[in-house]
Each structure stands twice: as C-alpha cells, then as structure tokens.
Number of protein chains: 2
Amino acid sequence: MSLTMCTLGIHGAPMRYSEVSRNIPGVSQKMLTQTLRSLERDGMVRRTVTPVSPVRVDYELTDLGRSLYALIAQVRDWAHENADAVDHARATYDKL
Amino acid sequence: MSLTMCTLGIHGAPMRYSEVSRNIPGVSQKMLTQTLRSLERDGMVRRTVTPVSPVRVDYELTDLGRSLYALIAQVRDWAHENADAVDHARATYDKL
DNA sequence: CGGAATCCATTTAGATACTG
DNA sequence: CAGTATCTAAATGGATTCCG
C-alpha cells in the first residue's frame with residue numbers, strides 16, 4: 001500500500017498498470033490490483049480507462065491521496081534515516 | 001502497533017502493562033505483549049522491570065520511539081480529519 | 001494489456017488454560 | 001500482575017489459469 005502510493009506519488013503523472021508494476025519489484029499481479037482497487041475505493045487513487053485496443057488504464061493520486069502521500073513520504077524518510085538505529089537495537093536485543 | 005505507540009506517546013510518562021492494556025480497548029493480552037516485545041526489540045520502547053511482589057513492569061517510549069510517534073500522530077490526525085472524505089469516497093464507490 | 005477466478009500454503013490472531 | 005504456551009479459526013499472499 002505505502003509502496004504503491006509512494007510509486008504514484010513520486011512519479012506524479014498518471015501511470016499505466018504495467019508501469020506501476022515495474023516500479024514495485026516482486027509485487028504479484030493479484031496484490032497490486034487488490035491494492036489499487038482499495039486505494040481507489042478509499043478515494044486515494046483515480047483510475048482512468050481508455051477504451052482503445054489493447055485497453056489502456058491509468059492510475060494517479062487524487063488530492064486526498066496526495067495529502068496522505070505527503071505523510072507517508074515522511075515516514076519513509078524516517079525509516080531510511082533511522083534504519084541503522086533500529087538495526088543496532090535489534091542486534092543488542094537479540095544478543096541477550 | 002500504532003495504537004500502542006500512540007497510547008504510550010500521548011501519556012508520556014511510563015505506564016504499567018495493565019494501564020496500557022486498559023487504554024487499548026479490545027486488545028488481547030497476547031497481541032499487546034507481542035507488540036510491546038517487538039517495539040522493545042526495535043528500540044522504540046523501554047521496558048523496566050521492578051522486582052517487587054507482585055512484579056511491576058513499566059513501558060515508555062525511547063527517544064527513537066518518540067521521533068516515530070511524532071509522525072504516527074500526524075497520520076492519526078490526518079485520519080480523523082479526513083474520515084468523512086474517505087467514507088464518502090467509499091459510499092460512492094460501493095454504489096456502483 | 002489489464003485484469004478476474006480459483007486453489008493452496010503460510011501467517012496471523014483470538015480463545016483458553018496455566019504460572020512465577 | 002504480567003505474562004507464557006498451546007490450539008484453532010480466519011485472513012493473507014503466491015502461483016496458476018483463463019478472458020475481453
């Protein structure tokens with residue numbers, strides 16, 4: 001979920017399904033679809049279907065989604081900045 | 001997890017196990033213990049055992065935990081502020 | 001291309017009983 | 001008081017197959 005929102009958030013512009021998928025290595029088609037659907041249902045993501053052949057589907061954050069993305073990005077950055085501290089705490093805890 | 005950190009964060013001072021438990025209605029004893037243990041392992045929570053009888057155990061956020069709590073509190077506030085928007089989006093989506 | 005549907009292994013969480 | 005241990009039910013996630 002966070003990864004999906006971060007992917008759409010960083011990119012900014014609408015992204016096709018395959019494009020989102022490529023940017024989240026290891027995600028299964030089922031999970032990505034499921035996540036995008038629930039984000040769409042919650043009003044975080046807008047899904048646009050263009051009925052050409054083959055069909056084209058674009059995803060992008062809504063305003064609501066962008067406001068949440070701003071917070072998620074902060075948490076993501078916190079995680080990067082404090083990864084070492086957490087690793088150290090774990091190593092210390094596990095040694096006991 | 002978030003609820004546990006919020007409970008400890010809002011309170012500020014050390015809290016006893018039973019006190020934390022009372023502030024998170026519906027949490028099972030197993031889940032609370034499990035959550036507190038993993039938070040302790042990650043360096044977010046400090047656990048202090050006072051060997052009186054009956055034993056006294058206090059939990060409180062570490063500095064690292066407090067820095068994460070600040071972000072979690074923002075997300076919690078965002079959720080409160082945007083609950084209506086999300087509810088509306090869901091109602092609209094589900095009507096289709 | 002962008003999925004839906006199904007099956008199955010794994011994970012997770014709740015209930016319950018017991019303990020230093 | 002503050003847990004641990006165990007069992008089971010439910011939710012979750014991956015792999016696979018098929019479709020407009």
Side-chain angles (χ1 to χ4, degrees), chain A residues 1-9 11-62 65 72 89-90 93-96, chain B residues 1-9 11-62 65 72 86 89-90 92-96:
Chain A
M1 196 278 268
S2 305
L3 274 178
T4 304
M5 291 207 50
C6 281
T7 300
L8 292 171
H11 196 280
M15 295 176 75
R16 301 190 60 169
Y17 180 88
S18 52
E19 204 176 347
V20 179
S21 183
R22 254 180 292 108
N23 280 281
I24 308 175
V27 73
S28 67
Q29 169 266 319
K30 179 184 170 181
M31 279 311 302
L32 181 55
T33 297
Q34 208 172 94
T35 302
L36 286 169
R37 283 288 181 284
S38 81
L39 287 173
E40 186 195 357
R41 185 171 107 96
D42 291 348
M44 303 296 144
V45 162
R46 182 166 32 248
R47 178 172 180 265
T48 310
V49 180
T50 309
V52 292
S53 181
V55 66
R56 175 193 180 95
V57 181
D58 287 286
Y59 294 93
E60 63 184 319
L61 292 183
T62 61
I72 290 179
R90 285 187 183 168
Y93 184 94
D94 290 345
K95 232 178 351 194
L96 306 180
Chain B
M1 195 279 267
S2 306
L3 276 178
T4 303
M5 290 206 53
C6 281
T7 299
L8 292 171
H11 195 279
M15 297 174 74
R16 300 189 62 168
Y17 180 89
S18 52
E19 203 177 347
V20 179
S21 182
R22 256 180 290 107
N23 279 282
I24 308 176
V27 73
S28 67
Q29 167 271 322
K30 178 184 169 183
M31 279 311 302
L32 181 56
T33 298
Q34 210 172 89
T35 302
L36 286 169
R37 284 288 182 283
S38 80
L39 286 173
E40 186 195 359
R41 185 171 108 97
D42 290 349
M44 303 296 144
V45 163
R46 181 166 32 248
R47 179 173 181 266
T48 310
V49 180
T50 309
V52 293
S53 182
V55 67
R56 175 193 180 95
V57 182
D58 288 287
Y59 293 94
E60 63 184 318
L61 292 183
T62 61
I72 290 178
V86 173
R90 285 187 183 168
T92 303
Y93 184 93
D94 290 346
K95 237 181 344 197
L96 307 181

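Within every chain, numbering begins at 1; the chains are lettered A, B, ... in the order of the sequence lines, protein sequences first and strands thereafter. The basis for the numbers below is simple: all heavy atoms, side chains too, and nothing from hydrogens, waters or symmetry mates.
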Rounded to whole angstrom units, what separation is found between the [atom1] atom of [X] and the [atom2] atom of [N]?
{"X": "A:L32", "N": "D:dA15", "atom1": "CG", "atom2": "P", "value": "15 Å"}
{"X": "A:R16", "N": "C:dG3", "atom1": "CZ", "atom2": "P", "value": "10 Å"}
{"X": "B:M15", "N": "D:dC1", "atom1": "CE", "atom2": "C1'", "value": "15 Å"}
{"X": "B:Q29", "N": "D:dC1", "atom1": "CD", "atom2": "P", "value": "13 Å"}

message: Using side chain to side chain contact (heavy atoms under 4.5 Å, CB included), reason through A:V57 and A:T48 one step at a time and then give a plain yes or no.
response: CA-CA 6 Å; A:V57 181; A:T48 310; over 6 Å; no

Give me the atom names and distance for the closest heavy-atom approach of [X] to [Y].
{"X": "B:V45", "Y": "B:T62", "result": "C-CG2, 3.8 Å"}
{"X": "B:C6", "Y": "B:I72", "result": "SG-CG2, 3.7 Å"}
{"X": "A:M5", "Y": "A:G65", "result": "CE-O, 3.2 Å"}

field: Annotated protein contacts, base or backbone, on nucleotides 6-14 of chain D with a non-hydrogen cut-off under 4.0 Å, one of B, S, - each
entry: B------BB

- prompt: Among all residues two or more places apart in sequence or in another chain, which pass the side chain to side chain donor-acceptor pair (under 3.5 Å) test with A:R22?
  reply: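 Result, side chain to side chain donor-acceptor pair (under 3.5 Å) vs A:R22: none returned.
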
Compare all side-chain heavy atoms of [X] with those of [Y] and state whether any distance is below 4.5 angstrom.
{"X": "B:M15", "Y": "B:N23", "answer": "yes"}
{"X": "A:R37", "Y": "A:R47", "answer": "yes"}
{"X": "A:D42", "Y": "B:Y93", "answer": "no"}
{"X": "B:E19", "Y": "B:Y59", "answer": "no"}

side-chain contact (heavy atoms from CB on, under 4.5 Å) partners of A:T35, counting only residues at least two apart: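 In terms of side-chain contact (heavy atoms from CB on, under 4.5 Å), with neighbours along the sequence ignored, A:T35 is linked to A:M1, A:T4, A:M31, A:L39.
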
task: Just jot down the side-chain contact (heavy atoms from CB on, under 4.5 Å) partners of B:R56, sequence neighbours excluded, or say none.
output: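 B:R56 satisfies side-chain contact (heavy atoms from CB on, under 4.5 Å) with B:R16, B:T50, B:V52, B:D58 only.
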
task: With a 4.0 Å heavy-atom cut-off, tell me which residues in residues 18-25 of chain A come close to DNA chain C, sorted by residue number.
output: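 The answer is A:S18.
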
- request: Could you list by number each residue of residues 47-59 of chain B showing a heavy-atom separation from DNA chain D of less than 4.0 Å, or answer none if no residue does?
  value: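 DNA chain D contact set from residues 47-59 of chain B: B:R47, B:P54, B:V55, B:V57, B:Y59.
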
Shortest side-chain distance from A:R37, nucleotide among D:dT4, C:dG2, C:dA4: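 Side chain of A:R37 sits closest to C:dA4.
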
